[in-house]
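Take a look at the structure set out below.
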Amino acid sequence: MKTIKIILAGPRGRMGKEAVELIHRTEHFELVACIDRMNDGKKIAEIEGFPAIDALVYSDPRKCFQSVAADVLIDLTTPEIGKIHTKLALEYGVRPVVGTTGFNEVELAELTELAEEKKTGVIIAPNFAVGAILMMKFAQMAAKHLEDVEIIELHHDRKLDAPSGTALKTAELISSTRKAKQQGNPDEVEQLEGARGAQTKDGIRIHSVRLPGLVAHQEVMFGGEGQSLTIKHDSYNRASFMSGVKLAVETVMTLDVLVYGLENIIE
């Protein structure tokens, strides 16, 4: 299999460190550079806690893309930085695999157009855990039969965006099979603003929890006459996301369009 040359943005984060290990142990992956605001000019091997890899760290992402020949960018940074890196990668013909959430509909439309213009594949995945993708698919199926639904997503307290990209993607998939409905008592009153959570335009309630000790967890709760159904997924560590990252890197090499959501490439 052809070696896939990878630039990694965000190597010092918890996901980033797992991604470095994934690339290092995958025979047909090669880490050729990292983008990070610290350690400019150092080799990854020179940074404590990282494997013996000679890839250089660049603080300037444009300089990185200009200096290094790469096939794929894995971006595991923050929403705002991830958006900049994705556009820059496309400019240089590098295929982005983005685990950063927070892209709105306008930004996704712009990136979709740019990917088609450049004929370069992009995968943006709100969640790389295969179990989470199955949870979303099962919720989409259940919504055909149980139309009252609320989503509770729980993450660590360092997460920047709320609701999570996974929750928003789940709501989007549910809305594709469920008619819009305003849930709860039509005369209900929030004694404390936000008590009923956020509400999508289709009437799906989303509740976000942020606590130390959590990683990534979500429950999709359906209610019907005399019954309830809860579909739940838990990620207990960042290693749970790496099988999805690997699949996305291999798949993006075959694409010339933008794909949003791992459920669109998983069989």
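Heavy-atom basis, side chains included; hydrogens, waters and symmetry copies ignored.
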Are the charged groups of K118 and E113 less than 4.0 angstrom apart, N to O?
no
How far apart are the closest heavy atoms of G121 and P96, and which atoms are they?
O-CD, 3.4 Å
Does I174 form a side-chain contact (heavy atoms from CB on, under 4.5 Å) with V220? I'd like the steps, not just the answer.
CA-CA 10 Å; I174 289 171; V220 187; 4.0 Å; yes
Go through it in stages, so that I can follow the logic: the residues are F222 and V149, the test is side-chain contact (heavy atoms from CB on, under 4.5 Å), and I'd like the CA-CA distance, side-chain angles, deciding distance and then a yes or no.
CA-CA 4 Å; F222 294 90; V149 55; 3.6 Å; yes
Using the rule given for side-chain contact (heavy atoms from CB on, under 4.5 Å), can you reason through Y92 versus R62, listing the C-alpha separation, both sets of side-chain angles and the distance that settles it, and then say yes or no?
CA-CA 9 Å; Y92 284 90; R62 186 174 292 276; 3.2 Å; yes
Judged by atom type as modelled, is there a donor-acceptor pair below 3.5 Å linking the side chain of T120 to the main-chain atoms of L90?
no
Please tell me whether T166 and E153 have a donor and an acceptor in their side chains that are separated by less than 3.5 angstrom.
no
Determine whether R178 and K181 make a side-chain contact, defined as any pair of heavy atoms from C-beta on separated by less than 4.5 Å.
yes
Mind running side-chain contact (heavy atoms from CB on, under 4.5 Å) on I35 and F65 for me, showing each step along the way?
CA-CA 10 Å; I35 299 173; F65 288 116; 4.2 Å; yes
Is a side-chain donor or acceptor of H28 paired with a backbone partner of T26 at a separation under 3.5 angstrom?
no
Please find the pair of heavy atoms, one from I206 and one from P163, that lie closest to each other, and give the distance.
CG2-CB, 3.7 Å
Test your reading of the model: is there a side-chain donor-acceptor pair from D40 to the backbone of S59, 3.5 Å cut-off?
yes
